[in-house]
Structures are given as structure tokens and as C-alpha cells.
Engineer: 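The structure is given below, and queries will be raised subsequently.
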Amino acid sequence: MSTNSPYADLILHWYDHHQRILPWRAKKGEAPNPYHVLLSEIMLQQTQVATVIPYFNRFIQDFPTICDLAKASLDHVMSLWTGLGYYSRARNLHQCAQQIVDQGGNIPTTINELKKLSGIGDYTAAAIYSIGFNQPAVPVDGNVERITARLFAIKESLPAIKPKLASLAKMLNQGQAAQERPGDFAQGLFDIGATICKPKNPLCLLCPLSAVCKACLDNIANDLPKRSPKAAKPIKYGISFFIQGSNNNVLFHKRPMKGVLAGTWQLPSTSWEEKVWDLPAGLKQMGYTGDWEYIGDINHVFTHFILKISLYKPIIFQDSPINAEGYAWYNLSQLDKYPCSSLMKKAIDCCL
DNA sequence: CACGCGTGGCT
DNA sequence: TAGCCAAGCGT
């Protein structure tokens, strides 16, 4: 296939003048660090650049190499991940590092080998291959889907047309320039998607692709890609208990390793149900007794439901759940050593 | 293959 | 404000 594509030259020329400076990105003329690329790509899954930057820097500080990451305890990795969300990514990343070290310590250099690693799928394998090793591939993420849908004015709805957009996107890097600079080409697509071809109010006047973009020419870029309507989010309810012991320690409970917020520590809580709890029912499920004082409510939005938690603290705590599996007393000043969700940080803030 | 899986910024 | 959506993966 030697068809020349006009897209790569335009993207690379724009990238040479407007690329973003990012901590995992090789400077001009320098070779990329595949470990930095791998780590950043895992963190960037469904997560914005500005959110990832401080997490990436803390990881590189604590784990300068993939071997350091593989040797680290899962608790260390999980606690550094606190607040970043989608916590299975952290466990898969840790496992991925161990798989790589077990295979000799070098990150695989083919897409098929990369995809065998935990937490690495089609997109991330292509991203590491193109950006980390400068090999020709088009990593198809949300940015690339959006750019592609607009370039060709595809009017059908996501997610049904994911395969169609992926197959169109894979033709974008035809031409000599993209074959010579696959990493810059891929990152150019991401930077254009993030700063120009935005989901809302795209800046077509500044876009290097405007002259070859069908949606721009038809003035419908802002309306593409279309998406099928999403199901409404149910509201779930729960009660959490703020129980302080001696030395200002607070009772925590570790969530199961599967499901929502897997493996993170939380205040002892009832199950989350699509009905409002009353306090007696909550106490009964927990096995607690005595009188409790209402502290307040917090709301938290997950991908698939909205959670409303009511917080209570005991007037006098007389039960002894510390004997139960998965419970521990932690001083709040030491909590950063343990993985904890943003939901639970919100709950604790409400109690102080 | 449709769904479960977090969080924060933007409009 | 409330919804939308982000450098997706695993099952």
C-alpha cells in the first residue's frame, strides 16, 4: 500500500510547532522511554492529561524503572494510585510489570506480545508500539475516533461504529512522513484531539486538517460523532460509620478485591441499595448497637450509578468489630499509606 | 458483547 | 445545574 495520505504531513507539521510538553514525552531529538510511555498510557486510560501528571511524577519518583515497580508491594502501588480511579488498572499495572521482569525485564516490542500483558489491550498496545518504539501503528482512542468521524463526516452513532472508525483511522498514517515518524504522528493526533478537535466547540479555524475535513467543510463538526443515548443512572443509598477509638484512630474496612472500589479502604458501611436505609436497619446489618449521632450526607457519582451516603458516629461505641476480617484501626495522618478512594476521602472530610 | 469499573473538568 | 466525556480493559 503506497497510497499517499494528505493527513500525516499536515498532522506532523502542526505537531512540530504546537506539541504539548508532557513529563512522559521524549523531548525533540531524544529517544522515548518505553517504561514512561507504558506507565503514562495505563494512567491515561479514560483519564485526562492534567489529572495524570502529578500521579505520573510520583510513580516515577518512587519507581524509576519497571523493575522497581515490579518489586514494589501492591499496597505501595495502590496507595500511590489513590484518587485516580478505576483501581483495577493499578493491580493490572503491578502485575504487568512483574510479567515483564519475569520475561527478562524488557518491554515487548511487538503488538501481539504487548497485548498479552495485564491491562494492555488494542489501544494501549498500539500506543506503546508507536510512541514507545516509534513503529507504525495508529492507536485508536476516543480522540482518534472523534477526529476520524469528523474527517469523513460519519453520521452514525457510537458505540456501534467503533469498528468502522477504527478501520478508517488505520488509513490515516499512510504516506512516507507518518511511516518515518510514527510516534510523533500518534501524539500529533492526540494533541489535535485534546486542544483543537475537542468534543464540544472544536477550534476548526486553528485546525491543520480543516481543508480536508468533511465535517468542517459541512459545518457539522460540533455535532459529530453522534452517540447512542445512555441508560439513566440509578441512585443507591448506604450508611457509613465514623468510629473513633483511642489515640484518635478510626475504624476502617477493606473492600473486597472485586467490584466497585475493589481493594480500597473505607469507613465501615452498609451495602449500597436502591432504597433509602433507615438507621436501625443499617445498625442491624452491621451488628452495631447503642445510640448514634447523624453527621451529614455525601453524594458521589460513579459511571453506572449515583451514591448517597449518610454518615453517623456513635455516642458511645460499645461493639467490637475489630475482631472481624478486614477491619483495622488507622490514624488519619497515616491513611496515605493505604489505598483509599476519593469517595472515602470525601466521607472523612465530612466527619471532621 | 454489553456491561462494570472512578473521578474531575467543562459547558 | 446536570450531563457529558476523557490516551480503555476485562469478562
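Proteins come first, then strands; the chains are lettered A, B, ... in the order of their sequence lines, and each starts at number 1. Not measured: the values here are computed from a predicted model. All heavy atoms count here, side chains included; hydrogens, waters and symmetry mates do not.
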Engineer: State, without any angle test, whether A:R25 and A:Q187 hold a side-chain donor-acceptor pair at a distance under 3.5 Å.
Structural biologist: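 Per modelled atom types, A:R25 and A:Q187 side chains form a pair under 3.5 Å.
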
Engineer: In the structure I gave you, are the side-chain heavy atoms of A:M43 and A:W81 within less than 4.5 Å of one another anywhere?
Structural biologist: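 Yes, at least one pair of side-chain atoms sits under 4.5 Å.
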
Engineer: Each nucleotide in nucleotides 4-11 of chain C should get exactly one letter: B, S or -. Can you fill that in based on protein heavy atoms under 4.0 Å?
Structural biologist: -SBBBSS-

Engineer: Quick check on contacts: within residues 340-352 of chain A, what sits under 4.0 Å from DNA chain B by heavy-atom distance?
Structural biologist: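 Residues of residues 340-352 of chain A that come under 4.0 Å of DNA chain B are, in numerical order, A:S341, A:S342, A:L343.
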
Engineer: Using the closest heavy atom to pick a nucleotide of DNA chain B for each, name whichever of A:N201 or A:F302 lands nearer the 5' end.
Structural biologist: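 Going by which nucleotide is closer to the 5' end, it is A:F302.
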
Engineer: Take N1-N3 plus N6-O4 or O6-N4 for Watson-Crick, N1-O2 plus O6-N3 for G-U, both under 3.5 Å. Which runs of 3 or more such pairs involve DNA chain B?
Structural biologist: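 The stems that DNA chain B takes part in, listed by first number, are B:2-5 with C:8-11, B:7-11 with C:2-6.
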
Engineer: Between A:D62 and A:R58 (salt bridge meaning N to carboxylate O under 4.0 Å), is one present in this structure?
Structural biologist: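 A:R58 and A:D62: not salt-bridged.
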
Engineer: Can you confirm if the aromatic rings of A:W24 and A:F56 lie within a centre distance of less than 6.0 Å?
Structural biologist: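 Yes: the rings meet the under 6.0 Å criterion.
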
Engineer: Would you tell me whether A:S240 and A:Q266 have side-chain atoms, one donor and one acceptor, within less than 3.5 Å of each other?
Structural biologist: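 Short answer, no.
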
Engineer: What residue among A:Y327, A:W329, A:Y330 forms ring pair (Phe, Tyr, Trp, His ring centres under 6.0 Å) with A:W265?
Structural biologist: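 Single ring pair (Phe, Tyr, Trp, His ring centres under 6.0 Å) partner of A:W265 among A:Y327, A:W329, A:Y330: A:Y330.
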
Engineer: Tell me which pairs pass salt bridge (Lys or Arg N to Asp or Glu O under 4.0 Å) where either residue lies in residues 275-304 of chain A, with sequence neighbours left out.
Structural biologist: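 As it turns out, there is no salt bridge (Lys or Arg N to Asp or Glu O under 4.0 Å) pair with a partner in residues 275-304 of chain A once direct neighbours are skipped.
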
Engineer: In residues 258-266 of chain A, which ones come under 4.0 Å of DNA chain B, going by heavy atoms?
Structural biologist: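 Only A:G259, A:V260, A:L261 qualify.
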
Engineer: Is a side-chain N or O of A:R20 found less than 3.5 angstrom from the main chain of A:A194, in a donor-acceptor match?
Structural biologist: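 It does not hold such a pair.
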
Engineer: P atom, B:dG8 versus C:dC9: distance in rounded Å?
Structural biologist: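 Roughly 22 Å separates the two P atoms.
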
Engineer: Between C:dA7 and B:dT11, how many Å separate the two P atoms, rounded to a whole number?
Structural biologist: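 Their P atoms lie roughly 14 Å apart.
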
Engineer: Quick one: how far along DNA chain B does chain A reach, first to last nucleotide 5' to 3', anything under 4.0 Å to a heavy atom?
Structural biologist: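 For DNA chain B, the relevant span reads B:dG4 to B:dG8.
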
Engineer: Can you name the one residue among A:L44, A:T195, A:I131 that meets side-chain contact (heavy atoms from CB on, under 4.5 Å) with A:F190?
Structural biologist: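 Among A:L44, A:T195, A:I131, the one that satisfies the side-chain contact (heavy atoms from CB on, under 4.5 Å) with A:F190 is A:I131.
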
Engineer: Distance alone, cut at 3.5 Å: any donor-acceptor contact between the side chains of A:Y86 and A:T303?
Structural biologist: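 Yes, because at least one side-chain N or O of A:Y86 sits under 3.5 Å from a partner of the opposite role on A:T303.
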
Engineer: Are A:R146 and A:P199 side-chain neighbours, meaning at least one heavy-atom pair lies under 4.5 Å?
Structural biologist: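 In short, these two side chains touch, coming nearer than 4.5 Å.
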
Engineer: Is there a donor in the side chain of A:Y7 and an acceptor in the side chain of A:Q174, or the other way round, less than 3.5 Å apart?
Structural biologist: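 Not at all, the side chains of A:Y7 and A:Q174 share no donor-acceptor pair under 3.5 Å.
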
Engineer: Is the terminal nitrogen or CZ of A:R181 (NZ for Lys, CZ for Arg) located under 6.0 angstrom from the six-membered ring centre of A:F185 and within 45° of that ring's axis?
Structural biologist: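 Relative to the ring axis of A:F185, which defines the angle, A:R181 lies outside at least one limit.
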
Engineer: Are A:K162 and A:D122 close enough for a salt bridge, meaning some N to O gap below 4.0 Å?
Structural biologist: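 No, no charged N to carboxylate O under 4.0 Å.
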
Engineer: If you measure only the distance, is there a donor-acceptor pair under 3.5 Å linking the side chains of A:D141 and A:N143?
Structural biologist: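 A:N143 and A:D141 do have a side-chain donor-acceptor pair below 3.5 Å.
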
